[in-house]
Amino acid sequence: MAALHHQAAAAPVTTTTTTTEGGELRAMDLYEKLEKVGEGTYGKVYKAREKATGRIVALKKTRLPEDDEGVPPTALREVSLLRMLSQDSHVVRLLDLKQGQNKEGQTILYLVFEYMDTDLKKFIRAHRQNLQKIPVPTVKILMYQLCKGVAFCHGRGVLHRDLKPHNLLMDRKTMALKIADLGLSRSFTVPLKKYTHEILTLWYRAPEVLLGAAHYSTPVDIWSVGCIFAELATTQPLFAGDSEVQQLLHIFKLLGTPNEQVWPGVSKLPNWHEYPQWNPSKVSDLVHGLDADALDLLEKMLQYEPSKRISAKKAMEHPYFNDVNKELY
Ligand code: AMP
């Protein structure tokens, strides 16, 4: 998550501090860990029960940089942003924050979130493994909620920068979708690897980021939303590269190698090279299972030139969503 405008982070933040020795234990006195449910970019996520209320929560344990004393102000600013954003019904709700130290004296932040029973990665995988398509109306309501959540973040001056099915949480029963993993990426800088050394996925990364643009903005998230849209329709990732160069080549092969005509300034970007020349394919040939309105929206999300990409707010008004009961979301 990155703040575009720092005024957005004005809300004060307090952490419940569990001091020095045994801090980790004390945070755990309040919650009973039930099972590990996932691993995010910054740490493990547990399903846990709040002992006082019995409420089921998701507990995200985050280690802060080792050379820092206490919680860095940048991290606190990010948490305050997260608190502000989690007022939206399409952003996972941050319920509480606990600070402690482990035996090695490292500062640990426990972020306590509302618990969601699955994520979009698991949901897509289940359909793919059963050779099932995700029903067309389901794709549409998931996409509408995603656009709405992203529009809310962008409207508050916040970029996500790492939108992917893995950090879109879902409720299987209601099909509610909520954006997660909004926290702390700024204070930790955008990592290339997870803390477990697992490589981060590049599949949803916008071409301007891959090409090393120093300045980028909200369109990077829209690119990711477009990739997720295509994956919902087909259950297969649209551009599945395993290195930055491979990722770019995948994109170029399908959408055509960009040039100064379609994307003025592209050849000045730091990682630009002479790439093989591919002609663009029609989006309708790349992604099956979408109607004409859906393809039109997808094409607007996958524009090379970032300023030409549709905004999240405009996407919500696209004819594709005309038959969505917007009051429900
Ligand atoms: P994240 O660090 O947010 O990317 O989370 C990593 C994984 O942990 C997700 O893909 C989910 O499987 C799980 N997870 C994260 N947050 C929650 C939550 N609030 N409720 C349930 N599972 C979660």
Side-chain angles (χ1 to χ4, degrees), residues 1-2 27 30-50 53-64 75 78-79 81-83 85-98 108-129 142 145-146 149-150 153 158-205 221 224-225 227-228 231-232 237:
M1 174 177 70
L30 301 173
Y31 297 96
E32 180 192 349
K33 271 187 199 167
L34 299 175
E35 60 183 299
K36 191 174 119 186
V37 288
E39 249 165 64
T41 314
Y42 305 104
K44 294 186 175 119
V45 183
Y46 296 91
K47 182 177 183 177
R49 182 183 291 115
E50 189 176 32
T53 60
R55 173 168 68 169
I56 299 295
V57 296
L59 204 59
K60 198 171 197 171
K61 191 174 159 183
T62 309
R63 207 171 52 217
L64 291 169
E78 296 301 321
V79 167
L81 271 175
L82 193 54
R83 279 234 164 115
L85 292 172
S86 77
Q87 291 159 13
D88 186 70
S89 55
H90 299 298
V91 174
V92 68
R93 189 169 291 270
L94 180 65
L95 303 169
D96 198 5
L97 187 62
K98 294 270 177 279
I108 306 276
L109 264 190
Y110 289 95
L111 301 167
V112 186
F113 291 97
E114 67 179 310
Y115 183 78
M116 301 287 290
D117 65 5
T118 191
D119 62 58
L120 205 55
K121 186 178 178 184
K122 292 181 193 149
F123 183 77
I124 294 173
R125 187 171 50 209
H127 282 82
R128 187 175 57 242
Q129 285 170 347
L142 291 172
Q145 296 177 81
L146 176 56
V150 172
C153 296
V158 175
L159 306 185
H160 189 290
R161 299 199 291 186
D162 195 23
L163 285 172
K164 53 192 174 192
H166 186 58
N167 51 35
L168 298 173
L169 302 178
M170 279 181 68
D171 183 312
R172 275 197 202 89
K173 262 199 233 110
T174 62
M175 287 291 147
L177 174 146
K178 297 191 187 219
I179 300 173
D181 219 3
L182 267 153
L184 307 175
S185 54
R186 194 111 194 278
S187 3
F188 288 59
T189 73
V190 184
L192 266 176
K193 292 186 174 172
K194 288 188 181 183
Y195 78 113
T196 47
H197 306 297
E198 195 183 317
I199 309 283
L200 287 180
T201 182
L202 301 168
W203 300 352
Y204 309 91
R205 207 160 274 190
D221 287 338
S224 311
V225 170
C227 297
I228 294 164
E231 190 165 332
L232 281 170

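In listed order, ligands and their atoms are each counted from 1.
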Is there a side-chain contact between Arg83 and Leu97 in this structure, where contact means two heavy atoms from C-beta onward sitting under 4.5 Å apart?
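With C-beta onward as the side chain, the pair touches.
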Using distance alone, determine whether Met116 and ligand 1 share an N or O pair under 3.5 Å.
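There is such a contact, yes.
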Under a 4.0 angstrom heavy-atom cut-off, which atoms of ligand 1 come close to [X]?
{"X": "Phe113", "answer": "19 (N)"}
{"X": "Val37", "answer": "12 (O), 22 (N)"}
{"X": "Glu114", "answer": "18 (C), 19 (N), 20 (N)"}
{"X": "Ala58", "answer": "17 (C), 18 (C), 19 (N), 20 (N)"}
{"X": "Val92", "answer": "19 (N)"}
{"X": "Gly38", "answer": "7 (C), 8 (O)"}
{"X": "Lys122", "answer": "12 (O)"}
{"X": "Asn167", "answer": "4 (O)"}

Rounded to the nearest 0.5 Å, what's the gap from [atom1] on [X] to [atom2] on [Y]? Could you check?
{"X": "Leu120", "Y": "Leu168", "atom1": "CG", "atom2": "CG", "answer": "5.5 Å"}
{"X": "Thr53", "Y": "Ile56", "atom1": "OG1", "atom2": "CD1", "answer": "9.0 Å"}
{"X": "Ile179", "Y": "Asn167", "atom1": "CD1", "atom2": "CG", "answer": "9.0 Å"}
{"X": "Leu146", "Y": "Leu163", "atom1": "CG", "atom2": "CG", "answer": "6.5 Å"}
{"X": "Lys98", "Y": "Leu109", "atom1": "NZ", "atom2": "CG", "answer": "11.5 Å"}

Applying a heavy-atom cut-off of 4.0 Å, say which part of [X] lies close to ligand 1: side chain, backbone, both or neither.
{"X": "Tyr115", "result": "both"}
{"X": "Lys60", "result": "side chain"}
{"X": "Asp119", "result": "side chain"}
{"X": "Asp117", "result": "neither"}
{"X": "Lys47", "result": "neither"}

Between Val45 and Leu59, does the side-chain contact (heavy atoms from CB on, under 4.5 Å) criterion hold? Intermediate values first, please.
CA-CA 6 Å; Val45 183; Leu59 204 59; over 6 Å; no
Kindly list each side-chain donor-acceptor pair under 3.5 angstrom involving residues 87-95, sequence neighbours excluded, with atom names and distances?
{"from": "Asp88", "atom 1": "OD2", "to": "His90", "atom 2": "N", "distance (Å)": "2.9"}
{"from": "His90", "atom 1": "ND1", "to": "Leu177", "atom 2": "O", "distance (Å)": "3.2"}

Whether Lys61 engages the ring of Tyr46 as a cation-pi pair (distance to the six-membered ring centre under 6.0 angstrom, angle to the ring normal within 45°) should be assessed.
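Not satisfied by the 6.0 Å and 45° rule.
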